[in-house]
Amino acid sequence: MRLLHPHTTPATEAEARAVQERLRPHTLLDGSGPAPGAPGTVVVGVDVAYDDARDTVAAAAVALDAATLAEVGHATAVDRVAFPYVPGLLAFRELPAVLAALGRLTTTPDLVVCDGYGLAHPRRFGLASHLGVLTGLPAIGVAKNPFTFRHPPPGPRRGDWAPLLDGDEEVGRALRTRDGVKPVFVSPGHRTTLADACAHTLALTRGYRLPETTRLADRLCRQALRDASPSDG
DNA sequence: GCGACAG
DNA sequence: ATCTTGTCGC
């Protein structure tokens, strides 16, 4: 896969924040990505797992048919951890391995679903935005926790949502993907609108809180990590 | 200064 | 993210 912008690991946190500020203007929040659930489109979920003791990270990319949710391909990559976890700078920790896994995919993604945020970020440039801008691919962020942002409680039923607010700006939505279960936190990354990001999330969710894309990617990257660093040696 | 803080 | 057994409920 060829990147529109190269990825390099910053030496400092200040440099990492500067990279985000420089790339942020390239973000597109339009409807140029695929329509939610459109037949024939390929939706790719990405996730990573860590082995702190071995300073190792494993990433997985799982491709599904958007209409049937049938798997159409997958790939993994194992790498050295390149950056520490710092709130707001997650992308620098996850991107190298994720980009490597995406590069090994033989199918072309029409949309990438990330674990974390896109627009809902202190500098409006979370992992999903960053990945989208570097690759040029439409991307959304689906996070399990609300980070810094406030939100009213969404209704109790699947599909109910409430705005994720930074002051009076709606940067994402707390979206109920299962009746009575804690919502997920959705924000657009690149080439999608907030409404479409939520519609994609619902279209990819079947019977569990998290989208099938992230569930499968989570399972696969954990397996890849085990294969790379067995419990003993 | 204190708390909060995606994964 | 990760460390970890059982347990309540459909």
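Within every chain, numbering begins at 1; the chains are lettered A, B, ... in the order of the sequence lines, protein sequences first and strands thereafter.
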| field | Ring-face cation of A:Arg22 near A:Phe125 (centre distance under 6.0 Å, axis angle within 45°) | value | no
| message | For a 4.5 angstrom cut-off between non-hydrogen side-chain atoms, does A:Leu29 reach A:Thr193? | response | no
| request: Answer yes or no for this row: A:Tyr85 ring on B:dG7 base, centroids under 5.5 Å, planes under 30°. | output: yes
| field | Rounded distance in Å - NE2 (A:His121) to P (B:dA6) | value | 11 Å
| request: Go through B:dG7, C:dT2, B:dA6 for me and flag the one nearest to the A:Arg222 side chain. | output: C:dT2
| Above 12 or not: heavy atoms from other molecules or residues under 6.0 Å from CZ of A:Arg219? | no
| query | Taking everything shown except A:Arg158 itself, do over 12 heavy atoms lie less than 6.0 Å from its CZ? | reply | yes
| query | When the distance from CG of A:Asn145 to P of B:dC5 is rounded to whole Å, what number comes out? | reply | 9 Å
| request: Identify whether any heavy atom of A:Gly88 sits under 4.0 Å from a base atom; if not, whether one sits that close to sugar-phosphate; answer base, sugar-phosphate or nothing. | output: base
| request: Give A:Leu89 one of three labels, base, sugar-phosphate or nothing, depending on what nucleic acid heavy atoms sit under 4.0 Å from its own. | output: base
| Interatomic distance, A:Glu13 CD vs B:dC5 P [rounded to whole Å] | 18 Å
| Interatomic distance where CZ belongs to A:Phe185 and C1' belongs to B:dG7 [whole Å] | 15 Å
| remark: Closest to the side chain of A:Thr148, out of B:dA6, B:dC5, B:dG7, is B:dC5
| said: Rounded to whole Å, how long is the line connecting atom NZ of A:Lys144 with atom C1' of C:dA1? | reply: 9 Å
| task | Looking at every strand, decide which applies to A:Ala120 at a 4.0 Å heavy-atom threshold: base, sugar-phosphate, or nothing. | result | nothing
| field | Atom-to-atom span, CZ of A:Arg215 to P of B:dG7 - whole angstrom | value | 16 Å
| Quick one: does NZ or CZ of A:Arg173 land under 6.0 Å from the six-membered ring centre of A:Phe185, within 45 degrees of the ring axis? | no
| request: Write down the distance between CG (A:Leu175) and P (B:dA6), rounded to a whole number of angstrom. | output: 19 Å
| Which whole-number value in Å describes the distance from A:Asp47 CG to B:dA6 C1'? | 12 Å
